[in-house]
Amino acid sequence: MALTLPAAPVLGGELIGITPDELETLKVQGVPVVDVRTPEEWRKTGLIEGSKPLTFFDSKGAYDAADWLRRFKAIAPDVARPVVLVCRSGNRTAMVGKMLTQELGYERVYHLEKGLQVWSAEGHKLSPCGNC
C-alpha cells in the first residue's frame with residue numbers, strides 16, 4: 001500500500017499535519033525529525049528513534065528564536081527540503097512550524113498532529129534519551 005503525503009505549493013511554505021504512520025514513512029525517506037520539547041520531557045518519555053532534540057520553548061514558555069534557528073539550520077539547512085517537528089500534543093510544533101513556513105520561507109514543514117500523545121497511544125515506540 002503506497003502512502004501519498006500532501007505536497008506544499010511551489011511558492012510559499014505550508015505547515016502540514018501528519019499521523020504517526022505518515023511520520024514513519026517520512027523517517028524512512030530520510031526527512032529529519034526535530035523534537036522541540038524540553039530536556040525534562042525527553043528524559044521522562046524518551047524520543048522518537050533518530051529524532052533530533054532541540055528545545056524551542058523552555059519550561060516557562062520563553063524562547064530565543066534566533067538562537068534556536070541557528071541550531072535548527074544545522075539540522076535542516078535547506079528551506080526547500082521537508083522537515084518534521086514533534087512535541088507532546090502538537091501545539092508547540094504548530095507554532096514553530098508557522099514561524100518556519102510563514103516567516104523563514106521553509107517550503108514544507110510537517111508536524112505530528114496531537115504529538116507524542118497519539119504516537120504512544122497508537123503503539124509507536126520511544127527510545128531513551130541518553131545524553132539529553
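We count residues from 1, following the sequence as given. Because the structure is a prediction, the values reported are computed rather than measured.
Atom CD of E14 sits about 9.0 Å away from atom CZ of R108, to the nearest 0.5 Å. Taken from CD1 in I18 to CG in L26, the straight-line distance is 5.0 Å, to the nearest 0.5 Å. The line from SG of C129 to CD of E41 is 11.0 Å long, rounded to the nearest 0.5 Å. Residue F57 holds its CZ atom at 12.0 Å from CG of D64, rounded to the nearest 0.5 Å.
The two residues G97 and V109 come nearest to each other via the heavy atoms CA-CG1, 4.0 Å. The two residues G46 and L126 make their nearest non-hydrogen contact at C-CB, 4.1 Å. A pairwise comparison of heavy atoms in P82 and P32 identifies O-CD, 3.6 Å as the closest pair. Residues S51 and P53 approach most closely at O-CD, 3.6 Å, considering heavy atoms. Minimum interatomic distance between S59 and T38 (heavy atoms only, all atoms of both residues): N-CG2, 4.0 Å.
Judged purely by distance below 3.5 Å, without hydrogens or angles, the side chains of S89 and N91 pair a donor atom with an acceptor atom. In this model, a donor atom of one side chain and an acceptor atom of the other lie less than 3.5 Å apart for T45 and R37.
Under the 4.5 Å side-chain criterion, counting only non-hydrogen atoms from C-beta, K52 is not in contact with L54. Proximity of F56 to V34: side-chain heavy atoms (C-beta onward) are nowhere separated by under 4.5 Å. Using a 4.5 Å heavy-atom cutoff, the side chains of E113 and H111 are in contact. In this structure, Y63 and V96 have side chains that are not in contact, with every pair of non-hydrogen atoms separated by 4.5 Å or more. Annotation: side chain of L23 is in contact with side chain of W119 (closest heavy-atom distance under 4.5 Å).
Under a cut-off of 6.0 angstrom, the local environment of CE in M95 is sparse, with at most 12 non-hydrogen atoms contributed by other residues, nucleotides or ligands. Enclosure of atom NZ in K27 by more than 12 non-hydrogen atoms of other residues, nucleotides or ligands within 6.0 angstrom is indicated. No more than 12 heavy atoms of other residues, nucleotides or ligands lie within 6.0 Å of CD in E49, so this atom counts as exposed by the packing criterion.
With hydrogens and angles ignored, the 3.5 Å screen pairs no side-chain donor or acceptor of Y110 with any backbone N or O of V31. Listed for the W42 side chain is no donor-acceptor partner under 3.5 Å among the backbone atoms of L47. The main-chain N or O of E22 is found under 3.5 Å from a side-chain atom of T19 such that the two form a donor-acceptor pair.
Salt-bridge formation is not detected for the pair E122/K114: no Lys NZ or Arg NE/NH1/NH2 atom is positioned less than 4.0 Å from an Asp or Glu carboxylate oxygen.
Just one of T93, L15, L85 meets the side chain to side chain contact (heavy atoms under 4.5 Å, CB included) condition when paired with L100; it is L85. Under the side chain to side chain contact (heavy atoms under 4.5 Å, CB included) test applied with R81, the options D78, V83, V79 reduce to a single match, D78. None of D35, V84, L116 except one satisfies the side chain to side chain contact (heavy atoms under 4.5 Å, CB included) rule with I48; the exception is L116.
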